[in-house]
Every structure is written in structure tokens, then in C-alpha cells.
Q: 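Encoded as C-alpha cells, here's the structure I'll be asking about.
Protein chains get the first letters and strands the later ones, always in sequence-line order, with residue 1 at the start of each. No experiment lies behind these values; they were computed from the predicted model shown.
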2 protein chains.
Amino acid sequence: MPHRADSLDTIQRELTAFARRARAAAAQLHPELSLVSYTLLAHLQDQRGCRATDLAAHYLLDKSTVSRQIAALERLGFVERRTDPDDQRVQVLHLTDRGTAVLDQVAASRRIAFEERLADWDEDDLARFASYLLRYNASAATRD
Amino acid sequence: MPHRADSLDTIQRELTAFARRARAAAAQLHPELSLVSYTLLAHLQDQRGCRATDLAAHYLLDKSTVSRQIAALERLGFVERRTDPDDQRVQVLHLTDRGTAVLDQVAASRRIAFEERLADWDEDDLARFASYLLRYNASAATRD
DNA sequence: CGCTTTGGTTGTATAGTACAACTGGATAGA
DNA sequence: TCTATCCAGTTGTACTATACAACCAAAGCG
């Protein structure tokens, strides 16, 4: 059993290496939706609509970055804005049908890729890995 | 116990969310070394020197990207090139003392951040999380 | 020796991103 | 109620990371 410090170093190194490859891997896997577009759309689907500010906070992005990304996704017809009647400043973002369609398609290819990569993992390990990731990200969310 | 498909979806979602935040998190944590610079230097340290081509392959980057990154790191005095006497085409890259120093310092702040984030994990969970990440990345390395 | 492969650089174009300045709506304290 | 402040979002600007293609030089092979 490795020591705490070794495990920490491994976790740090492997998570970082993964992050470094993720953008390129996404570009290969689904050229029609970049990693950032994919995550924004997925969040919109998950939350059933949200504000640009929420996206920026969740993904540690500047609001101007989100503004431009959303503008691009709107031009593509993937999202639409609905001004919140209770607060005229707020634009609640929603997936359009087209957005849902392209997101579902991309999510499907990602799922296949992950299934392949994790094909020889047994169910218990998968469940435990998933719970570790949830726990890890939950702690990041409260701090950052 | 969740089903296999649920675990896969969670893993996919959480890894992706992590990747999306990693760049910004790195920029906040250590402004003096971007995520990509950090990973390249760390790989150099790990491997005790390697070729630009190896870096490109490992991180799914174009060789021109690596070429420019290395040129920048060389200007900063963090890496040096030593032409391989057995093959005049090859430039073996090495950390300089300055590169080692800055990398160690950045690695230390990262280690602290990860320690904090994982403070309430017990040793067994850490070890298991680390081994899962190793296993996951190993499978990615053979394919991509 | 010429052809192909390999490692690397440079030209060029684009996407992603941040920061600062701004606009317009909301809100709270005088 | 007026004004100062805050909040959501956009736009101007600049820079970094990145890819792709064209290129160069050395190596290896027939």
C-alpha cells in the first residue's frame, strides 16, 4: 500500500496529464463540437437552462469568454436566450432542439469511447471510480 | 450500487468538468507557469530528458506546438537542448537548474492544493483513486 | 547515389481566453 | 424619490495555445 504522499502525487500527475490531453481528444472524437462548447451545452442540458454567469462560475471562465461562446452557439442555432421576466438583466439560456440533437450525438460518441476504454473494468471498480470523481469535484466546487 | 452505464456517464461527465477547469485553476495557482508549460517540464523531469516528438505524442500535441513551447521555455532559461551525438536530427531536452527550481516550486504549490482538497480522504481511498487514474490513463496511452 | 522517413522549424490562420471599459437594468440607503 | 452602487452581459483589445501545411536537414534504405 503506497503512502499518502505518493498517492497524492500520482493523483495530481495523472489528473493533470488527463486534462492536458482532453482538448485534443475531444477534437478528434467529435470535431463538430469543441470541448468547451460541449461542456457548456451539457451543463445547459443538465440544469435545464441557466444564466451565462452560472456557466462562467462553474467552469472558471471569464464572463466575456462565455458571452462569446454563447453567441457562437446561438449563431449555430444550438442555444436560445429567454429574457427572465422577473429580472430584465438576466438571459436564461436554453438548448434548442438542434442543440439537443447535436449534444446527444456527441454524448453518444463520447460514451462509446469511454465504454471502450473502460471495457475491462468490473462494475464495482467503475462505481467506486465514479464516486471518487464526484467527491473530488465536489470539493473543488466549494473552494474555487 | 449504480449500474454500469450510470457509472460510465458519471466518469465521463466528471472527468470532463475537471479538464475544463484545469487550465484556469493552474493559472490561479501558479501564474508563472501555464498548465501546458508545467506538464512539459514535469515530463522532462520524469523522463530525465526526452525529445520534442515524445512530448507531442504523449500530450496529443502537434510538433509545431511543442516546438514553440520549448522555444519559449528555452528563452526563459528553463530547458536546454543537447544535440544527440548519435543522431544529429535529435535534440534531447533537459531541465536547467532554473527549470528544476521553478518546477519544484510550482509542484509544491500544486501538492499543497491537492493536499487541502483531499485532506479528509483516508489513505485507502487515496491509494485506490490513484490506482484508478493510473489504470485509466494507461489505457488512453495505448490507444490515442 | 537518390527516395523515403524522421525530427524539427517557420508561416499562417484560428480558437479560446483574460482584462478593462462600457451599457442598461435592479436595488438599497439618504 | 434620487442617487450611488451593484449586477448581467457585451465589446474592444491583446495574447496564448493550437493546428496544418510547407519546408529543411539528417538518417536509413534500395
Side-chain angles (χ1 to χ4, degrees), chain A residues 16 19-41 44 49-76 79-94 144, chain B residues 16 19-41 44 49-76 79-94 144:
Chain A
T16 304
R20 205 50 286 303
R21 273 177 267 196
R23 174 197 288 223
Q28 284 180 207
L29 198 55
H30 46 79
E32 68 277 24
L33 220 52
S34 74
L35 182 63
V36 60
S37 306
Y38 172 73
T39 51
L40 296 185
L41 292 184
L44 249 38
C50 72
R51 304 175 309 164
T53 301
D54 301 334
L55 293 173
H58 196 74
Y59 293 112
L60 298 183
L61 291 169
D62 192 80
K63 56 188 181 159
S64 67
T65 301
V66 174
S67 173
R68 285 180 231 267
Q69 288 289 331
I70 295 298
L73 292 172
E74 193 184 23
R75 272 196 299 280
L76 291 167
V79 307
E80 65 184 17
R81 311 159 187 256
R82 302 184 199 150
T83 303
D84 183 346
D86 296 351
D87 184 341
Q88 298 290 122
R89 291 172 304 182
V90 172
Q91 301 180 350
V92 185
L93 306 170
H94 290 271
D144 301 329
Chain B
T16 304
R20 207 49 287 303
R21 275 178 264 193
R23 173 195 290 224
Q28 284 180 208
L29 198 55
H30 46 78
E32 69 277 25
L33 220 53
S34 75
L35 182 64
V36 59
S37 305
Y38 171 74
T39 50
L40 297 185
L41 292 184
L44 248 39
C50 72
R51 304 175 308 164
T53 301
D54 301 333
L55 293 173
H58 196 74
Y59 294 111
L60 300 182
L61 291 169
D62 192 81
K63 56 186 181 158
S64 68
T65 301
V66 174
S67 172
R68 286 181 230 267
Q69 288 289 333
I70 294 298
L73 292 172
E74 193 184 21
R75 272 195 300 281
L76 291 168
V79 307
E80 64 183 18
R81 312 158 185 257
R82 303 187 197 148
T83 304
D84 183 345
D86 296 351
D87 184 341
Q88 297 291 121
R89 291 172 304 182
V90 172
Q91 301 180 347
V92 184
L93 306 170
H94 290 271
D144 300 328

Q: Whole angstroms only, please: what is the CD-P distance between Gln91(B) and dA25(D)?
A: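 Spelled out: CD on Gln91(B) to P on dA25(D) is 14 Å.
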Q: Nearest to the Gln69(A) side chain among dT17(C), dA26(C), dG11(C), which nucleotide is it?
A: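 Per side-chain heavy atoms of Gln69(A), the pick is dT17(C).
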Q: State which of dG25(C), dC19(C), dT18(D) makes the closest approach to the side chain of Leu61(B).
A: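 Closest nucleotide to the Leu61(B) side chain: dT18(D).
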Q: Determine whether any donor atom in the side chain of Arg68(A) lies under 3.5 Å from an acceptor atom in the base of dT13(D), or the reverse, and answer yes or no.
A: yes
Q: Please give, in whole Å, the distance from dA15(C) P to Tyr38(A) OH?
A: 22 Å
Q: State which of dG7(C), dC20(D), dA26(C) makes the closest approach to the side chain of Asp62(B).
A: dC20(D)
Q: Specify the separation, in whole Å, of atom CG of Asp87(A) and atom C1' of dT27(C).
A: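 Rounding to the nearest Å, CG of Asp87(A) and C1' of dT27(C) are 10 Å apart.
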Q: Of all the nucleotides listed (dG25(C), dG7(C), dT10(D)), which has the minimum atom distance to the side chain of Arg89(B)?
A: dG7(C)
Q: Rounded to whole Å, please give me the gap between CG in Leu55(B) and C1' in dT6(C).
A: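 After rounding, the reported distance stands at 16 Å.
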Q: Nearest 0.5 angstrom please: Ser67(B) OG to Gln91(B) CD, how far?
A: 8.5 Å
Q: Which listed nucleotide (dC7(D), dA26(D), dG9(D)) is nearest to the side chain of Thr53(A)?
A: dG9(D)
Q: Among the candidates dT10(C), dT11(D), dG9(D), find the nucleotide nearest to the side-chain atoms of Ser64(B).
A: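 Taking heavy atoms from C-beta onward, the closest nucleotide is dT10(C).
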Q: Between Thr65(A) and dT17(C), is there a side-chain N or O to OP1/OP2 distance below 4.0 Å?
A: no
Q: Using a cut-off of less than 4.0 Å, is there contact between a side-chain N or O of Arg20(A) and OP1 or OP2 of dT18(D)?
A: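 Yes, within the criterion.
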Q: Considering just the side-chain nitrogens and oxygens of Gln88(B), establish if one lies under 4.0 Å of OP1 or OP2 belonging to dG7(C).
A: no
Q: Hey, is the side chain of Arg81(A) poking within less than 4.0 Å of OP1 or OP2 on dT10(D), counting only N and O atoms?
A: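 Result: yes.
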Q: If I take atom CZ in residue Arg51(A) and atom P in nucleotide dG9(D), what distance separates them, rounded to the nearest angstrom?
A: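 Arg51(A) atom CZ is separated from dG9(D) atom P by 6 Å.
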Q: In whole Å, what is the span from the CG atom of Leu35(A) to the C1' atom of dA15(C)?
A: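 Atom-to-atom, Leu35(A) to dA15(C), this comes out as 13 Å.
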Q: Rounded to the Å, how far apart are Leu60(B) CG and dA17(D) P?
A: 17 Å
Q: Go through dA27(D), dA17(D), dA19(D) for me and flag the one nearest to the Ala24(A) side chain.
A: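 Closest of the options to the side chain of Ala24(A): dA19(D).
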Q: Looking only at side-chain atoms of Arg23(B), point me to the closest of dT17(C), dA19(D), dA26(D).
A: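 Output: dT17(C).
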